[in-house]
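In this text the structure is predicted, and so the values were computed from the model without any measurement.
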Amino acid sequence: MIKKESALPIYVQLEQGIKELIEKQELKPGDSIPSEREFSETYQISRMTVRQAITNLVNDGILVRERGKGTFVAFRKIEQKLKGLTSFTENMKARGMLPSTKVLDLTLKQADPYLSKMLVVEEGALIYEIIRVRYADGVPIALETLFMSNDLVPKMTKEQAENSIYEYLENQLYLKINRGVQELEASVSKKEESAILGIKEGTPVLRIQRIGYLADGRPLELAQSVYRGDLYKYTIELER
């Protein structure tokens with residue numbers, strides 16, 4: 001990993017060596033890396049040099065430091081472009097990741113004034129409330145609460161909610177999903193959300209609210225999601 005006779009600075013060689021271990025999956029996301037002292041003793045280099053290399057990798061988002069615990073390989077962020085309406089399942093599959101879902105709760109409730117307004121239904125109308133954890137390659141990415149009218153989706157089951165609801169709606173109920181209006185807000189995780197997503201309370205998260213509409217203009221869904229800020233990011237392409 002380190003060639004002291006090389007013209008390439010030692011800290012750069014160490015950076016490249018750690019990146020190589022990650023690319024070869026000898027170090028995987030969540031794994032701890034050797035300490036500064038261990039690197040220093042193994043390669044007979046100064047701890048200051050080791051610190052510089054590790055700091056650069058932390059700044060690049062490749063490694064992450066946790067106070068009192070050490071330095072770990074960061075999970076790669078999932079990048080979602082703010083263009084087009086796609087499902088979580090479609091997004092993960094497009095990135096070569098395995099999506100999965102755990103349904104925490106699926107109940108029918110009466111629409112309160114807020115849900116009545118957002119979904120354009122009568123107050124007291126039956127509404128599905130579906131709470132799900134969304135995973136990518138087995139890692140919890142988001143906590144989602146989904147509201148849908150029982151009139152539009154009369155028979156929603158836990159089995160259907162554990163898969164792509166969009167796929168079920170389009171392929172079996174023949175509902176044409178046309179567009180969505182989405183709002184994003186930076187926030188921090190609450191206690192219960194943190195426990196479910198496996199993060200510390202107060203960790204940065206993205207709060208996303210989406211209303212999905214059918215081709216005839218009727219609101220289909222109200223989705224309120226909490227995405228882990230360390231694993232998910234949105235990009236916007238701007239043209240002048």
Could you check whether any side-chain N or O of T145 sits under 3.5 Å from a backbone N or O of I131, counting only pairs where one atom can act as donor and the other as acceptor? no

Candidate pair I208 and Y227, rule side chain to side chain contact (heavy atoms under 4.5 Å, CB included), full reasoning: CA-CA 8 Å; I208 302 172; Y227 278 81; 3.5 Å; yes

Looking only at heavy atoms, what is the nearest atom pair of S164 and T89, with distance? CB-OG1, 3.7 Å

If only atom types and distance count, is the side chain of T203 paired as donor or acceptor with the main-chain N or O of K200 below 3.5 Å? yes

Applying side chain to side chain contact (heavy atoms under 4.5 Å, CB included) to I2 and L14, what does each step give before you reach the verdict? CA-CA 7 Å; I2 302 297; L14 184 57; 4.1 Å; yes

Under 3.5 Å, is there a donor on one side chain and an acceptor on the other for Y166 and E221? yes

Between I177 and V153, is there a shared hydrophobic cluster once you connect ILVMFWY residues whose side-chain heavy atoms come closer than 4.5 Å? yes

Please check this pair: side chain of T49 against backbone of I45, looking for a donor-acceptor N/O pair closer than 3.5 Å. no

Is it true that, when you exclude K4 itself, more than 12 heavy atoms of the residues, nucleotides or ligands shown sit nearer than 6.0 Å to its NZ? yes

Kindly give the heavy-atom pair with the smallest separation between P99 and F88, and that separation in Å. CB-CE2, 4.3 Å

Would the distance check show the side chain of Q44 and the main-chain N or O of E41 forming a donor-acceptor pair, the cut-off being under 3.5 Å? yes

Would E20 and K24 pass as an ion pair if we require N to O under 4.0 Å? yes

To the nearest 0.5 Å, atom CG of L146 lies from atom CD1 of I130 at 5.0 Å

Between the side chains of T101 and R132, does any donor sit under 3.5 Å from an acceptor? no

Side chains of D216 and N178 in contact at under 4.5 Å (non-hydrogen atoms): no

Taking all atoms of both residues into account, what is the closest heavy-atom pair of Q13 and S6, and its distance? NE2-CB, 3.6 Å

Charged N-O contact under 4.0 Å between R207 and E193: yes

Y135 reachable from L197 in the ILVMFWY side-chain graph, under 4.5 Å edges: yes

How about E26: does its CD atom have over 12 heavy atoms from other parts shown lying under 6.0 Å from it? yes

Electrostatic pair E36:R51 at N-O distance under 4.0 angstrom: yes

According to a 4.5 Å side-chain heavy-atom criterion applied to Ile, Leu, Val, Met, Phe, Trp and Tyr, with indirect links allowed, do L104 and Y128 form part of one hydrophobic cluster? no

For residues M148 and I165, determine if any side-chain heavy atom of one lies less than 4.5 Å from a side-chain heavy atom of the other. yes

What pair of heavy atoms forms the shortest contact from S40 to S46, and how long is it? OG-C, 4.1 Å

Any non-hydrogen side-chain atom of L63 less than 4.5 Å from a side-chain atom of I54? yes

Before you tell me yes or no, could you show the steps for K109 and E129 under salt bridge (Lys or Arg N to Asp or Glu O under 4.0 Å), namely the whole-Å CA-CA distance, both residues' side-chain angles and the distance that decides it to 0.1 Å? CA-CA 7 Å; K109 60 185 289 185; E129 180 181 55; 3.8 Å; yes

So among D112, N150, L119, which one has a side chain to side chain contact (heavy atoms under 4.5 Å, CB included) with I127? L119

Closest contact, heavy atoms only, V73 versus K28: CB-O, 3.3 Å

How close do I211 and P219 get, heavy atom to heavy atom, and via which atoms? CG2-CB, 4.3 Å

Could you work out, with side chain to side chain contact (heavy atoms under 4.5 Å, CB included) as the rule, every residue matching K176, not counting sequence neighbours? A215

Under 3.5 Å: donor-acceptor pair, side chain of T71, backbone of R65: no

Answer with yes or no whether the side chains of S225 and R210 bring together a donor and an acceptor at under 3.5 Å. no

Check this for me: E66, atom CD, are more than 12 non-hydrogen atoms of other residues, nucleotides or ligands nearer than 6.0 Å? yes

Rounded distance [0.5 Å steps], CG in L21 versus CG in L27: 5.0 Å

Can a donor-acceptor pair be found, under 3.5 Å and without considering hydrogens, that links the side chain of D137 to the backbone of L98? yes

Evaluate L206 against R228 for side chain to side chain contact (heavy atoms under 4.5 Å, CB included), listing each step before the verdict. CA-CA 7 Å; L206 284 171; R228 288 176 55 169; over 6 Å; no

So, do E162 and K102 sit near enough that their side-chain heavy atoms are less than 4.5 Å apart? no

Rounded to the nearest 0.5 Å, what's the gap from CG on L169 to CG on L152? Could you check? 9.0 Å

Might you work through the side chain to side chain contact (heavy atoms under 4.5 Å, CB included) test for Q224 and L222, ending with a clear yes or no? CA-CA 7 Å; Q224 298 171 335; L222 170 65; 4.1 Å; yes

Do Q160 and T157 get their side chains close enough for a donor-acceptor pair, meaning under 3.5 Å? yes

